[in-house]
Novice: 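Starting off with a structure, shown below.
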Amino acid sequence: MPASFTLSPQDRVLVFAPHPDDEALGCGGLIQQAVALGAQVRVIFQTDGDNNPWPQRYVEQRWTIDASCRQRWGARRRLEAVRSLQTLGLQADAASFFGLPDQGLTRLSQQKDAHTLDLHVSELKTFRPTLLVVPSQDDNHPDHGASYDLIQESMHRAGMDLAQWAYLIHRRWFCPEAAGLTLHLTLRQKARKLAAIECHETQLFLSSSRFCGYARDLEIFIPSNPA
């Protein structure tokens with residue numbers, strides 16, 4: 001790990017997760033390591049992952065998914081997210097849920113939606129992080145790329161220039177070891193990451209092997225320093 005990216009007890013780590021489960025898949029090991037050091041960690045869930053029809057159809061044995069169904073599903077996924085964070089060593093109040101539209105972050109980013117950006121700027125100014133853990137701009141999921149763009153615009157509006165570690169989920173064949181930052185997980189950390197992933201049980205009914213496969217020995221991040 002490059003010396004400039006070594007975590008310390010004085011760090012304040014702000015993690016952005018476009019959906020519940022991204023915190024465990026992308027950086028469940030990093031969260032554990034930060035907590036073990038005594039660093040402050042906060043996790044922002046930008047959406048509730050409520051626009052998730054195929055798992056919901058399977059679990060609830062229904063075809064039509066209306067607004068009330070999505071709201072119920074989003075509430076369930078919030079509970080899963082809290083259990084995941086608790087498994088990783090955080091308290092429930094370490095989570096903040098923005099409730100933005102799942103599959104809608106691209107539109108909000110392109111429009112520079114004032115309410116959305118105000119939510120992000122407020123969290124940045126209130127928590128005063130020393131490190132951001134963010135989705136990669138190279139992620140193939142549109143919400144992830146848009147999440148990255150929203151965070152950059154929010155930093156600009158907050159007048160901040162912060163170190164960032166970007167995690168990549170929906171493009172697993174790309175491993176940026178040459179320019180990346182590799183975190184090695186102990187067997188215990190790997191097991192707890194798996195347990196955190198398993199807290200997102202709604203996502204495991206149709207994708208268990210794929211999700212649990214993220215509990216690997218390494219987590220790889222793409223770091224950037226403040227200018």
Side-chain angles (χ1 to χ4, degrees), residues 15-33 35 41 43-65 69-90 92 94-95 97 99 101-105 133-136 138-145 147 166-176 182-221:
V15 176
F16 285 91
H19 316 97
D21 68 31
D22 290 321
E23 83 297 338
L25 298 173
C27 50
L30 171 61
I31 290 173
Q32 291 180 69
Q33 293 188 17
V35 170
V41 181
V43 181
I44 307 300
F45 294 96
Q46 291 162 299
T47 82
D48 294 337
D50 51 302
N51 189 7
N52 187 219
W54 287 107
Q56 188 170 9
R57 286 181 176 123
Y58 179 84
V59 172
E60 297 185 351
Q61 294 296 292
R62 65 169 64 242
W63 179 253
T64 301
I65 305 295
C69 293
R70 287 191 293 272
Q71 183 178 24
R72 180 176 64 249
W73 192 254
R76 181 170 178 176
R77 295 199 67 183
R78 282 194 184 198
L79 292 175
E80 292 175 346
V82 170
R83 288 197 295 270
S84 170
L85 293 187
Q86 291 172 330
T87 300
L88 295 172
L90 294 172
F97 295 92
D102 186 12
Q103 310 289 337
L105 295 187
V133 182
V134 304
S136 170
D138 294 318
D139 198 293
N140 283 341
H141 193 299
D143 275 348
H144 284 234
S147 168
Y167 59 87
L168 188 61
I169 292 180
H170 300 94
R171 196 175 171 186
R172 290 181 59 194
W173 53 267
F174 175 60
C175 295
T182 301
L183 267 59
H184 295 265
L185 276 59
T186 66
L187 289 176
R188 177 175 173 81
Q189 289 167 349
K190 181 179 173 181
R192 290 185 72 179
K193 176 171 179 170
L194 176 60
I197 292 171
E198 289 174 337
C199 289
H200 296 281
E201 59 181 13
T202 57
Q203 306 308 293
L204 301 183
F205 288 105
L206 299 181
S207 304
S208 178
S209 296
R210 178 169 63 87
F211 270 64
C212 294
Y214 284 92
R216 301 188 290 270
D217 297 330
L218 304 176
E219 286 183 344
I220 299 172
F221 300 89

Novice: Within the 4.5 Å heavy-atom criterion, are V35 and L88 side-chain neighbours or not?
Specialist: no

Novice: Would you indicate whether the side-chain heavy atoms of I197 and L25 approach each other to under 4.5 Å?
Specialist: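 Yes; the side chains approach each other to less than 4.5 Å.
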
Novice: Do the non-hydrogen side-chain atoms of D21 and R77 ever get within less than 4.5 Å of each other?
Specialist: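 Yes - at least one pair of side-chain heavy atoms lies under 4.5 Å apart.
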
Novice: Quick one: do R72 and Q56 satisfy side chain to side chain contact (heavy atoms under 4.5 Å, CB included)? Show the steps, please.
Specialist: CA-CA 10 Å; R72 180 176 64 249; Q56 188 170 9; 4.1 Å; yes

Novice: Among D138, D139, N140, which residue satisfies the side chain to side chain donor-acceptor pair (under 3.5 Å) criterion with H170?
Specialist: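 The option that passes is D139.
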
Novice: Do the side chain of S84 and the main chain of E80 share a donor and acceptor less than 3.5 angstrom apart?
Specialist: no

Novice: Taking the side chain as C-beta and beyond, is there a heavy-atom pair between V82 and Q86 under 4.5 Å?
Specialist: yes

Novice: Does any donor atom in the side chain of H144 or D22 lie under 3.5 Å from an acceptor atom in the other side chain?
Specialist: yes

Novice: Can you pull the salt bridge (Lys or Arg N to Asp or Glu O under 4.0 Å) pairs that have at least one residue in residues 192-207, sequence neighbours excluded?
Specialist: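 Counting only pairs at least two positions apart or across chains, the salt bridge (Lys or Arg N to Asp or Glu O under 4.0 Å) contacts touching residues 192-207 are R76-E201, K193-E219.
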
Novice: What distance do I220 atom CD1 and S136 atom OG have between them, rounded to the nearest 0.5 Å?
Specialist: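 The OG atom of S136 is 12.0 Å from CD1 of I220, to the nearest 0.5 Å.
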
Novice: Which atom pair, heavy atoms only, marks the closest approach of C212 to L204?
Specialist: SG-CD2, 4.5 Å

Novice: For atom CD of E60, is the number of surrounding heavy atoms from other residues, nucleotides or ligands below 6.0 Å larger than 12?
Specialist: yes

Novice: Considering only heavy atoms from C-beta outward, does the side chain of D102 approach that of D48 to under 4.5 Å?
Specialist: no

Novice: Do W54 and N52 make a side-chain contact, defined as non-hydrogen atoms from C-beta onward lying under 4.5 Å apart?
Specialist: no

Novice: How many angstroms lie between CG in N51 and CD1 in I65, if you round to the nearest 0.5 Å?
Specialist: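 N51 CG to I65 CD1: 10.0 Å, rounded to 0.5 Å.
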
Novice: Would you sort out whether E23 and F16 count as a side chain to side chain contact (heavy atoms under 4.5 Å, CB included), showing the intermediate values?
Specialist: CA-CA 8 Å; E23 83 297 338; F16 285 91; over 6 Å; no

Novice: What's the spacing between W73 CH2 and D50 CG if we round to 0.5 Å?
Specialist: 11.0 Å

Novice: If I compare all heavy atoms of T87 with all of A196, which pair ends up nearest, and what's the gap?
Specialist: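 Closest pair (atom of T87, atom of A196, distance): CG2-N, 3.7 Å.
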
Novice: Might you confirm whether atom OH of Y58 has over 12 heavy atoms from other residues, nucleotides or ligands at distances under 6.0 Å?
Specialist: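 No, the 6.0 Å shell around OH holds no more than 12 heavy atoms from other groups.
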
Novice: Looking at R62, is its backbone amide N or carbonyl O close enough to the side chain of R57 to form a donor-acceptor pair, meaning the two atoms are under 3.5 Å apart?
Specialist: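 Not at all, since once roles are kept as given, no pair shorter than 3.5 Å links the two residues.
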
Novice: Mind checking what makes side chain to side chain contact (heavy atoms under 4.5 Å, CB included) contact with A81, not counting sequence neighbours?
Specialist: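 Partners of A81 by the side chain to side chain contact (heavy atoms under 4.5 Å, CB included) criterion, ordered by chain and then number, come out as P20, F45, F97, H200.
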
Novice: Would you call V15 and C27 a side-chain contact if the rule is heavy atoms closer than 4.5 Å?
Specialist: yes

Novice: Using a 4.5 Å cut-off on heavy atoms from C-beta on, say whether the side chain of L168 contacts that of F221.
Specialist: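 A side-chain contact under 4.5 Å is absent here.
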
Novice: Return the CZ to CD1 distance between F211 and I169, rounded to the nearest 0.5 Å.
Specialist: 8.5 Å

Novice: Answer yes or no: is there a donor N or O on one side and an acceptor on the other, between the side chain of S207 and the main chain of R210, under 3.5 Å?
Specialist: no

Novice: Say you draw a straight line from CZ of R216 to NE2 of H184; how long is it, rounded to the nearest 0.5 Å?
Specialist: 13.5 Å

Novice: Which distance, rounded to the nearest 0.5 Å, do you find between the NE2 of H141 and the OG of S147?
Specialist: 11.0 Å

Novice: Please check if the side chain of D143 supplies one atom and the backbone of P18 the other of a donor-acceptor pair under 3.5 Å.
Specialist: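 Absent.
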
